[in-house]
Visitor: 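Okay, here's the structure, questions in a sec.
Just so you know, ligand 1 is whichever comes first in the structure, and atom 1 is the first atom listed for that ligand. Sequential numbering from 1 along the given sequence is applied to the chain's residues. As a basis for the values below, the full set of heavy atoms in this structure was taken, side chains included, without hydrogen atoms, waters or symmetry mates. Because the structure is predicted, anything quoted here is derived from the model rather than measured.
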Amino acid sequence: MADYQSLYQLSLENPHQFWQEASQAIDWYEKPTKILDDSRPPFYRWFADGVLNTCYNALDRHVQQGRADQAALIYDSPVTNTVKTFSYRELLAMVADFAGALVAQGVQKGDRVIVYMPMVPEAVIAMLACARIGAIHSVVFGGFAARELATRINDACPKLIVSASCGLEGQRVIPYKPLLDDAIAQATHQPEKCIILQRPQLTADLIAGRDITWQEAVQGVTPAECVPVAATDPLYILYTSGTTGIPKGVVRDNGGHAVAMMWSMRYVYNMQPGEVYWAASDVGWVVGHSYIVYAPLLYGCTTILYEGKPVGTPDPGAFWRVIAQHQVNVLFTAPTAFRAIKKEDPQGSFLEKYNLPSFRTLFLAGERCDPDTLFWAQNLLKVPVIDHWWQTETGWAIAANCLGIEAKPVKAGSPTTPVPGFNVQCLDENGEEIKDDRIGSIMIKLPMPPGCLMTLWNNDERFVSSYLSAYEGYYLTGDAGYKDSENYLFIMSRIDDIINVAGHRLSTGGMEEVLASHPDVAECAVIGVADQLKGEIPLGMVVLKAGVQRSDAEIVKELVQMVRDKIGPVASFKVATVVKRLPKTRSGKILRGTMKKIAEGQTYRMPATIDDPTILDEIETSLEKLGYAAKATASS
Ligand code: COA
Ligand code: AMP
């Protein structure tokens with residue numbers, strides 16, 4: 001086996017050879033002869049003349065090649081008291097049936113299908129069914145509100161939406177159908193049909209002529225065969241927060257994605273086909289797309305679909321129970337899940353009830369892994385704990401300790417070194433590479449490896465302006481950090497207004513748009529403040545219009561409810577305060593960074609361009625009343 005350095009070198013110097021070899025792990029109807037099409041930079045295409053079907057590679061070939069009776073998917077749902085195993089044969093049959101149902105409803109190759117579902121097997125089945133017929137799925141996370149769903153409906157223009165009557169959040173039943181109906185009412189684009197999974201916990205009302213139940217949809221249908229698609233045809237669109245309230249529709253191809261997923265299972269996660277992989281995330285996020293659904297199945301593993309939380313379903317031993325019961329080899333989750341467990345069970349005593357002989361490695365991503373969480377998990381689990389860094393746009397890890405190549409020493413706070421294929425550089429404001437450990441903008445030199453976003457849905461222009469315009473020939477990750485002398489990366493913060501709440505990526509700009517729409521609000525700012533459990537939480541500050549007489553508390557309550565209604569509970573927007581003025585530069589730019597430092601009790605430098613420094617004292621006083629800004633001091 002080659003060492004990391006030589007594989008990394010090869011991937012950058014001879015990407016054609018590197019990815020041509022990797023592409024052999026996929027079954028193609030027509031093998032690609034063109035590995036990288038670089039004729040139209042900055043748009044690069046992988047395996048451009050290859051023809052394949054992603055669902056065929058994830059299911060059919062395993063059934064044909066000896067895995068028919070192996071567990072493909074284990075649905076473990078403590079919230080419904082269910083554990084159900086689907087073999088590859090069973091999953092294929094259900095996917096082919098549902099694909100047939102989609103065809104019967106008029107869905108064809110290239111049509112979009114929105115999937116707005118909780119963590120139930122039917123969500124995975126719907127995604128794979130779309131892949132089977134060449135339709136493009138767009139999964140929307142259940143924690144988003146109707147308005148967010150409406151925005152995605154208008155952008156993706158789906159022919160059909162697949163949803164469910166409800167989701168289950170701990171003990172609570174969350175009705176999904178009223179949100180769906182509300183979203184469709186708000187949207188200008190109208191889907192022709194909705195297929196609704198009726199769950200036993202709640203029956204949804206259906207709209208005649210538009211809605212049919214999942215159960216009706218699959219009745220008597222002809223199972224659909226796989227439709228060959230070009231490697232460059234889109235497999236899915238996944239919306240992610242941008243710097244405005246309008247999300248970005250990340251477009252993933254079929255060919256590059258399949259190759260990258262397969263490669264990562266072996267070389268990043270050190271998995272063997274037949275083993276059990278568990279990504280404790282949600283199908284609505286990229287982690288769910290890549291590592292609940294596609295990668296484990298493409299690679300012939302068993303994947304776990306967990307409808308529960310790390311704590312409270314029923315206790316902080318839930319993760320250990322799942323690992324023990326299903327003999328999980330690798331767990332992938334976000335550090336926040338471990339902080340939640342640590343908070344409820346600091347000694348890790350729930351682990352004593354379980355034996356985890358199968359458990360080999362814990363992978364963490366979604367937010368920076370703080371050293372405390374790393375050490376706690378290492379000490380408790382006595383297995384390697386691997387932080388790795390990636391984003392919705394890349395679809396897989398940009399930097400990781402690639403255990404399938406060579407295990408490198410772990411450095412707390414670092415996701416280790418760039419993954420082969422990713423030429424990661426840390427650039428200063430002039431676009432020069434920083435060679436020491438000063439913080440800079442983390443960029444990826446083009447072309448990026450297979451599996452990364454092809455463009456933004458229907459918006460090449462925004463793709464170029466958002467990601468490819470900072471420095472020619474580079475992709476802007478939006479993260480800031482540094483590399484040490486051994487090429488280890490340290491990802492420290494964002495350069496934009498994105499915040500990371502419990503591993504969920506959110507735009508403070510989007511929240512500001514909501515606050516600004518309140519009739520009593522003149523201006524506002526939302527900042528991300530450090531939080532022990534969720535990493536960061538949003539905090540809003542609003543200035544009221546002159547003459548408003550209502551109580552601050554009443555207005556704050558309405559603001560919290562508005563963000564919940566318009567963005568969703570996932571934003572965790574619970575803290576806001578009314579202030580007299582917001583600190584600004586002389587050119588009128590709100591000093592959000594300074595307010596963040598004050599809220600977090602850090603020492604902050606008085607901005608040279610500040611218009612009126614006394615406003616910072618007022619802000620400090622307001623934040624102190626909320627329990628923030630304990631030790632904030634201005635340095636000269
Ligand atoms: N459908 C509807 N509502 C949802 C939802 C869904 N799929 N997922 C979350 N929500 C709601 C929650 O009920 C909560 O609502 P509330 O304000 O009424 O309580 C809100 O959205 C925030 O949810 P969450 O961020 O999950 O916070 P939490 O306090 O319920 O749980 C953790 C905190 C740490 C336990 C939880 O975030 C977690 O398990 N994280 C694991 C990491 C993860 O999944 N990361 C994703 C990327 S890898
Ligand atoms: P998402 O697109 O939701 O996966 O969020 C991606 C963003 O989360 C990245 O751009 C980072 O800001 C942050 N992130 C994800 N993983 C890590 C990590 N391991 N270390 C630091 N930041 C991370």
Visitor: Using a 4.0 Å heavy-atom cut-off, say whether Trp285 meets ligand 2 through its side chain, its backbone, both or neither.
Guide: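 Contact part for Trp285 vs ligand 2: neither.
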Visitor: Can a non-hydrogen atom of Gly167 be found less than 4.0 Å from any atom of ligand 1?
Guide: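 Outside the 4.0 Å threshold, so no.
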Visitor: Specify side chain, backbone, both or neither for Asp387, according to which of its non-hydrogen atoms lie closer than 4.0 Å to ligand 2.
Guide: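 It is the side chain that touches ligand 2; the backbone stays farther off.
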Visitor: Among Gly284, Ala334, Pro118, Pro175, which one puts a heavy atom closest to atom 43 (C) of ligand 1?
Guide: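 Result: the heavy atom closest to atom 43 (C) of ligand 1 is in Ala334.
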Visitor: Taking N or O atoms only and a 3.5 Å limit, does Gly366 qualify as a polar contact for ligand 2?
Guide: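 For ligand 2, there is an N or O atom that lies under 3.5 Å from one belonging to Gly366.
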Visitor: Specify the protein heavy atom at minimum distance from atom 10 (N) of ligand 1: its residue, its atom name, and the distance to 0.1 Å.
Guide: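 Here the nearest protein heavy atom works out to Glu169 OE1, 3.3 Å.
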Visitor: Tell me, which protein residue and heavy-atom name are nearest atom 22 (N) of ligand 2, and how many Å apart are they?
Guide: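 Ranking protein heavy atoms by distance from atom 22 (N) of ligand 2, first comes Arg368 N, 3.5 Å.
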Visitor: Compute both the distance and the angle, then confirm whether Lys84 meets the cation-pi test with Tyr75: under 6.0 Å from the six-membered ring centre, within 45 degrees of the axis.
Guide: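 Judged by the rule, Lys84 and Tyr75 form no cation-pi pair.
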Visitor: Pick one of side chain, backbone, both or neither for how Ile498 approaches ligand 2, counting any non-hydrogen atom pair under 4.0 Å.
Guide: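 Contact part for Ile498 vs ligand 2: neither.
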Visitor: Does the structure place the NZ or CZ of Arg360 under 6.0 Å from the centre of the six-membered ring of Tyr269, at an angle of no more than 45° from the ring's axis?
Guide: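 Not satisfied by the 6.0 Å and 45° rule.
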Visitor: If you measure from each non-hydrogen atom of Glu367 to ligand 2, which part falls under 4.0 Å: side chain, backbone, both or neither?
Guide: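 Contact part for Glu367 vs ligand 2: backbone (N, CA, C, O).
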Visitor: Strictly under 4.0 Å, does any heavy atom of Phe141 approach an atom of ligand 1?
Guide: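 True for this residue.
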Visitor: Given Ala502, Gly535, Gly366, identify the one with the heavy atom nearest to atom 45 (N) of ligand 1.
Guide: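 Answer by nearest heavy atom: Ala502.
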Visitor: Tyr471 vs Tyr474 aromatic rings, parallel, tilted or perpendicular, using cut-offs 30° and 60°?
Guide: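 The arrangement is perpendicular - the two ring planes meet at more than 60°.
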Visitor: Which is it for Lys534 and ligand 1 at heavy atoms under 4.0 Å: side chain, backbone, both or neither?
Guide: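 It is the side chain that touches ligand 1; the backbone stays farther off.
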Visitor: Within the structure, does His388 bring an N/O atom to less than 3.5 angstrom of an N/O atom in ligand 2?
Guide: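 His388 vs ligand 2: N/O contact under 3.5 Å present.
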Visitor: Hey, looking at atom 13 (C) of ligand 2, which of Ile491, Leu506, Leu489, Asn500 has the closest heavy atom?
Guide: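 That would be Asn500.
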Visitor: Is it the case that the ring center of His137 lies less than 6.0 angstrom away from the ring center of His289?
Guide: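 Yes - the distance between ring centres of His289 and His137 falls below the 6.0 Å cut-off.
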Visitor: Does the protein put a heavy atom under 4.0 Å from atom 4 (C) of ligand 1?
Guide: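 Protein heavy atoms within 4.0 Å of atom 4 (C) of ligand 1 - there is at least one.
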Visitor: For ligand 2, find out whether one of its N or O atoms is nearer than 3.5 Å to an N or O atom of Asp479.
Guide: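 Looking only at distances, the answer is yes, because the N/O contact criterion of under 3.5 Å is met.
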Visitor: Consider ligand 1: state whether an atom of it lies below 4.0 angstrom from any non-hydrogen atom of Arg564.
Guide: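 Contact check Arg564 vs ligand 1: positive.
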Visitor: Taking the non-hydrogen atoms of Met119, is any one of them nearer than 4.0 angstrom to ligand 1?
Guide: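 Checking ligand 1 against Met119, which is what was asked, there is no heavy-atom contact under 4.0 Å.
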